[in-house]
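In what follows, chains carry the letters A, B, and so on, assigned in the order in which the sequence lines appear, proteins first and then strands, with residues in each chain numbered from 1. Note that the structure is predicted; figures quoted are calculated from it, not measured.
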4 protein chains.
Amino acid sequence: MLIQLNFKSGVPVYLQVVDQIKLAAASGALHVGEPLPSIRPLAEQLRVNRNTIAKAYAELESQGVIETLAGKGCFLKENCSPYRKEIRRGLLAEAVDAAVVQAHHLQVAKREFLQLAEDRFDVFEQKRIESEKKKPSCDL
Amino acid sequence: MLIQLNFKSGVPVYLQVVDQIKLAAASGALHVGEPLPSIRPLAEQLRVNRNTIAKAYAELESQGVIETLAGKGCFLKENCSPYRKEIRRGLLAEAVDAAVVQAHHLQVAKREFLQLAEDRFDVFEQKRIESEKKKPSCDL
Amino acid sequence: MLIQLNFKSGVPVYLQVVDQIKLAAASGALHVGEPLPSIRPLAEQLRVNRNTIAKAYAELESQGVIETLAGKGCFLKENCSPYRKEIRRGLLAEAVDAAVVQAHHLQVAKREFLQLAEDRFDVFEQKRIESEKKKPSCDL
Amino acid sequence: MLIQLNFKSGVPVYLQVVDQIKLAAASGALHVGEPLPSIRPLAEQLRVNRNTIAKAYAELESQGVIETLAGKGCFLKENCSPYRKEIRRGLLAEAVDAAVVQAHHLQVAKREFLQLAEDRFDVFEQKRIESEKKKPSCDL
DNA sequence: GTGGTCTAGACCACC
DNA sequence: GTGGTCTAGACCACG
């Protein structure tokens, strides 16, 4: 579980952890049912307080990404979004908008932006497929 | 000046302003000597307290990105070399990746994701064109 | 606003504050619409961290006892319980049970226990009435 | 041994056990040399982990209230002078006051409050009688 | 000045 | 060993 923190970005550390674990799940580095790193060791590895990781895991659980069993650990849940289609689209639009604004600021044209979006989508898709090939016993 | 704030991201608002102005400067969207929007109107446009914008400008000045001339306003200083194209593409890829990960978690398919990206890009493009008609010298 | 804390009781400080403010409201020491002590001064007076008071006030707001306006302060809400009658009775039963168990442990007989309950109820009723007489302008 | 736990009070469970045993001893409900319930059955009865009861007994022993004879069990030590009647009434008044305050917040009238107090007292009395039939030597 | 959030350290309950 | 809670200090946004 590789997590890279940026302490001077102003982004709360616990949110960085949340995003990177969601990324790990999306890219196939984590598999459904697999246990996440325990709070204490992960906190030591990242040099942050245990509460910071605990808060990240609590946020992930409230988002339905993981399941936490007190005294047992935290596990990646099946990837089923509990939201209705329109709501999901709205949530996604936020992330897309952030990328669009970034494209504006960086003066990247529409054609290049869309090509990049497709490329990155394929990259994650490919990562997930490869990762599933390696650990077929862990999937449902 | 196009600035998009995310109040739920956990990133301090004043830092979001700082980052986006630095990005606009770095990408060449803002030019040396060009005046930045005044605090009061920008605060009203972004629906935040004037203190917050003032704090962002103070931070930018302390970083040497802008200079404040009392009674005249804030202006972009020199020494802001625009990023190279590959660097810009790398910065944009981060935002795109975040959207791709979100799409995976929300179980949105590639086709729909790319369609949404194009739609949102067009929406912002339209906004930009409309705002240029009104104040051609001040907008991105 | 007289609040007495017991740091060695094992009862969380923020819950002691919650209970005593509810008591102040019940006994008439606080009136509807009246502002509660601000977080910072109260924390200094009680020699605890501001977050401890903030947590108590957040709990009181979630219970519907007070209303908090960021930047303005916290105010005692009208005393209307949002729960249905059976739920309210259940909540009250918990507090009554605690008293009954205490009576058992202290070997106080039923007759004496009920007499004490009536006495204490009257005492609080009387306090509330007297307090309302003093500050009639603050009531709704 | 009648022990009532409140898992939502925020008071550590092991301290609730400590307090109620000390109270039972102080009020004369427990007598010098009398054996306390064994850890395992008491833990099962209260639906808590055995560690929690063990911790409570360890605390009681360190306070000199009980003494543990390895392999025999835990016994109440001497020096536990029962409280005087007025003290006991004062201790009980605290619990009664908490219930009265709760009644005010839940808008329960005096008549209904006193009826509830009587009902709950009778419920516990009945529990006590039933449990005395089974184990007359061990119950309160 | 107001309330709210993020990070941290210590302790609790459970396995 | 596991996760969860309470208290604290520093910083943020707002008036």
Side-chain angles (χ1 to χ4, degrees), chain A residues 5 7 10-17 35-43 46-61 66-75, chain B residues 5 7-17 43 46-56 59, chain C residues 5 7 10-17 35-43 46-61 66-75, chain D residues 5 7-17 43 46-56 59:
Chain A
L5 296 181
F7 290 99
V11 182
V13 173
Y14 86 97
L15 282 181
Q16 295 184 44
V17 174
L36 275 70
S38 296
I39 290 181
R40 229 182 248 251
L42 182 56
L46 299 177
R47 308 289 186 87
V48 296
N49 190 277
R50 282 178 288 134
N51 284 356
T52 302
I53 305 300
K55 188 169 187 178
Y57 280 16
E59 175 67 19
L60 285 167
E61 177 163 39
I66 68 172
E67 185 177 25
T68 156
L69 286 70
K72 295 286 184 64
C74 298
F75 303 86
Chain B
L5 296 180
F7 292 97
K8 300 178 299 188
S9 74
V11 183
V13 173
Y14 87 98
L15 279 182
Q16 294 185 44
V17 175
L46 298 178
R47 311 276 186 93
V48 297
N49 194 283
R50 278 171 290 172
N51 291 348
T52 304
I53 303 300
K55 189 168 187 177
E59 175 68 17
Chain C
L5 296 181
F7 290 98
V11 182
V13 173
Y14 87 98
L15 282 181
Q16 294 184 43
V17 174
L36 274 71
S38 297
I39 290 181
R40 227 183 250 251
L42 182 56
L46 299 177
R47 308 288 186 88
V48 296
N49 189 276
R50 282 180 290 132
N51 286 354
T52 304
I53 306 300
K55 186 168 188 178
Y57 281 16
E59 174 68 16
L60 284 168
E61 178 164 39
I66 69 173
E67 184 177 24
T68 156
L69 285 71
K72 295 286 183 65
C74 298
F75 303 86
Chain D
L5 296 181
F7 292 98
K8 299 178 301 187
S9 73
V11 183
V13 172
Y14 86 99
L15 280 182
Q16 294 186 44
V17 175
L46 299 177
R47 309 279 186 94
V48 297
N49 194 283
R50 278 171 290 172
N51 291 347
T52 305
I53 303 300
K55 189 168 187 177
E59 175 68 17

Spacing of A:Arg40 atom CZ relative to E:dA10 atom P, expressed in whole Å: 12 Å

Rounded distance in Å - CZ (B:Phe7) to P (F:dA13): 10 Å

Selection from F:dC6, F:dT2, E:dC6 that lies nearest to any side-chain heavy atom of A:Pro12: E:dC6

Residue pair B:Leu15 / A:Gly10: nearest heavy atoms and the distance that separates them: CD1-CA, 3.8 Å

Rounded distance (Å) that lies between atom C1' of F:dT5 and atom CD of C:Glu59: 13 Å

Of A:Val13 and A:Lys72, the one whose closest DNA chain E nucleotide lies more 5': A:Val13

Distance (rounded to the nearest 0.5 Å) between C:Thr52 OG1 and C:Arg50 CZ: 10.5 Å

Interatomic spacing from OH in C:Tyr57 to CD1 in C:Ile39 - rounded to 0.5 Å: 7.0 Å

Minimum-distance pair of heavy atoms, taken over all atoms of D:Ser9 and C:Pro12: O-CD, 4.3 Å

Nearest-angstrom distance from the residue atom CG of A:Leu36 to P of F:dT2: 13 Å

Backbone of B:Val11 reached by a side-chain donor or acceptor of B:Gln16 within 3.5 Å: yes

Whole angstrom value for the distance that separates P of E:dT7 from CD1 of A:Ile39: 14 Å

Rounded distance (Å) that lies between atom P of F:dG3 and atom OH of A:Tyr14: 19 Å

D:Arg47 CZ to D:Leu5 CG distance, which is reported to the nearest 0.5 Å: 11.5 Å

Nearest-Å distance for atom pair CG/C1', residues A:Leu69 and F:dG1: 15 Å

Side-chain heavy-atom pair C:Phe7, C:Val48 within 4.5 angstrom cut-off: yes

Length of the CG-C1' vector between B:Leu5 and F:dC12, whole Å: 14 Å

Any residue of residues 47-58 of chain C with a heavy atom less than 4.0 Å from an atom of DNA chain F: C:Val48, C:Asn49, C:Arg50, C:Asn51, C:Thr52, C:Lys55

CG-CD distance between A:Leu36 and A:Glu67, expressed to the nearest 0.5 angstrom: 11.5 Å

Residue closer to the 5' end of DNA chain F, B:Leu15 versus A:Thr68 (nearest nucleotide): A:Thr68

Atom of A:Thr68, atom of A:Cys74 and distance for their closest heavy-atom approach: CB-SG, 3.6 Å

Range-with-range stems for DNA chain E, at least three Watson-Crick or G-U pairs under 3.5 Å: E:1-14 with F:1-14

